[in-house]
J.: 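I'd like to ask you about the structure that follows.
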Number of protein chains: 2
Amino acid sequence: MDTREKLIESTRALLWERGYVGTSPKAIQERSGAGQGSMYHHFSGKPELALAAINRTAEDLRARAEAAFTAPGPALDRVAAYLRREREALKGCPVGRLTQDPEVMADPALRDPVEQTFAWLTTRLADLLAEAQSNGDLAPTLAPGPTATALVAVLQGGYVLARAAGATEPYANAIEGALGLLAGHREGR
Amino acid sequence: MDTREKLIESTRALLWERGYVGTSPKAIQERSGAGQGSMYHHFSGKPELALAAINRTAEDLRARAEAAFTAPGPALDRVAAYLRREREALKGCPVGRLTQDPEVMADPALRDPVEQTFAWLTTRLADLLAEAQSNGDLAPTLAPGPTATALVAVLQGGYVLARAAGATEPYANAIEGALGLLAGHREGR
DNA sequence: GTCTATACCTGGATAGAC
DNA sequence: GTCTATCCAGGTATAGAC
């Protein structure tokens with residue numbers, strides 16, 4: 001991994017752990033093993049480096065989600081599998097946590113990938129729910145859009161609750177609770 | 001409002017807007033109108049002041065929730081009313097946002113009120129769901145604990161999605177979606 | 001491309017006068 | 001109780017040598 005790459009990966013890790021405000025150029029340099037001058041040679045400063053890191057993290061999240069969404073099997077099972085997928089609940093969502101960072105939200109360039117990621121994710125899940133309905137697997141009374149939004153919110157909120165508790169149980173319970181609520185709307189065939 | 005009080009209230013506002021890491025003693029002083037010496041006369045430093053602010057914010061959240069929980073009417077309606085209650089979605093949850101702050105989570109004193117608040121909230125909602133079940137208003141198949149956790153997660157996640165979008169719609173959709181999911185488990189009487 | 005030196009600002013706090 | 005002066009570390013960046 002070359003220097004530029006190490007800088008980006010170190011920044012991704014630090015943004016996840018400490019957020020934008022809590023991440024200093026110095027910490028990035030130490031973690032990546034790159035020197036002061038080296039970092040400023042590859043990037044104009046903290047914002048540009050953060051942008052590269054955030055973009056990559058957002059792409060990563062979408063790629064993982066898309067893999068679950070396009071797996072074989074009924075749409076509703078794919079939704080459930082996506083929700084149940086293993087996650088590092090205690091670390092929180094690397095994209096969601098950025099919404100709490102005032103400096104990220106204040107900079108349109110940094111904020112855009114965050115916004116796009118959740119917009120994409122919600123739409124994608126809504127499509128799968130609609131597909132399940134047209135297959136006769138899910139009650140047509142559920143509104144796909146709001147339901148999908150609620151599911152994404154359960155994930156994001158599950159992270160928050162896990163961090164608050166310092167334990168993964170609340171995360172697991174939130175997912176289980178959501179799946180229990182969804183189960184009441186399944187339609188047999 | 002005396003100086004001490006102004007310091008606490010200013011800190012509450014800043015913690016909500018910028019988090020612990022993003023809030024400096026200087027900013028607190030400017031916002032409260034108190035001087036350097038004045039702040040350090042009333043509090044030993046940023047951590048002690050933050051503790052007072054966080055405790056008050058947590059108490060505040062609980063008091064508002066408890067008001068909704070003890071309102072007249074069927075338990076299930078009280079749950080729905082709590083979820084629908086107006087909130088400043090774009091500002092995020094003043095307690096939930098603290099979970100993203102590494103310094104808050106690292107300090108047991110600061111972290112405790114956050115942890116307790118969500119533990120209490122989840123338990124309280126689970127009790128109401130159980131009450132609704134014993135009244136015959138809610139399907140007994142739903143597990144109250146996980147369901148309550150999912151509902152709290154929807155709120156917390158709704159805030160995240162609203163901030164990501166820079167709009168309140170995702171928050172409203174998440175709540176609406178959750179209520180739609182819950183509606184399928186209502187039992188008439 | 002990477003290093004070291006330097007610079008300036010802010011964060012967070014203490015000291016002592018009033 | 002509040003004010004001003006002062007302090008040191010760290011954040012963020014530039015300059016210039018190698």
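Source: prediction; values computed, not measured. Proteins come first, then strands; the chains are lettered A, B, ... in the order of their sequence lines, and each starts at number 1.
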J.: For A/E5, what residues pass the salt bridge (charged side-chain N to carboxylate O under 4.0 Å, His left out) criterion, not counting sequence neighbours?
T.: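 Result, salt bridge (charged side-chain N to carboxylate O under 4.0 Å, His left out) vs A/E5: A/R56.
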J.: Please report, rounded to the nearest Å, how far the P atom of D/dA13 is from the CG atom of A/L49.
T.: 10 Å
J.: How would you summarise protein contacts on nucleotides 2-18 of chain C per nucleotide, using B for base, S for sugar-phosphate only and - for none, with heavy-atom distances below 4.0 Å?
T.: BBBB-----SSBB----
J.: Would you mind listing every salt bridge (Lys or Arg N to Asp or Glu O under 4.0 Å) that reaches into residues 26-43 of chain A, with sequence neighbours excluded?
T.: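 Listed by first then second residue: A/E17-A/R31.
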J.: Quick one: side chain to side chain donor-acceptor pair (under 3.5 Å) pairs with a partner in residues 68-81 of chain B, sequence neighbours left out?
T.: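 Matches after skipping sequence neighbours: B/R78-B/E131.
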J.: Please identify each residue that fulfils salt bridge (charged side-chain N to carboxylate O under 4.0 Å, His left out) with A/R124, with sequence neighbours left out.
T.: A/E66
J.: Scan for salt bridge (Lys or Arg N to Asp or Glu O under 4.0 Å) pairs involving residues 95-117 of chain A, sequence neighbours excluded, and state none if there are none.
T.: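 Listed by first then second residue: A/E103-B/R18, A/R111-A/E115.
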J.: I need the CD-P distance between B/Q29 and D/dG1, as an integer number of Å.
T.: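 About 18 Å, once rounded to whole Å.
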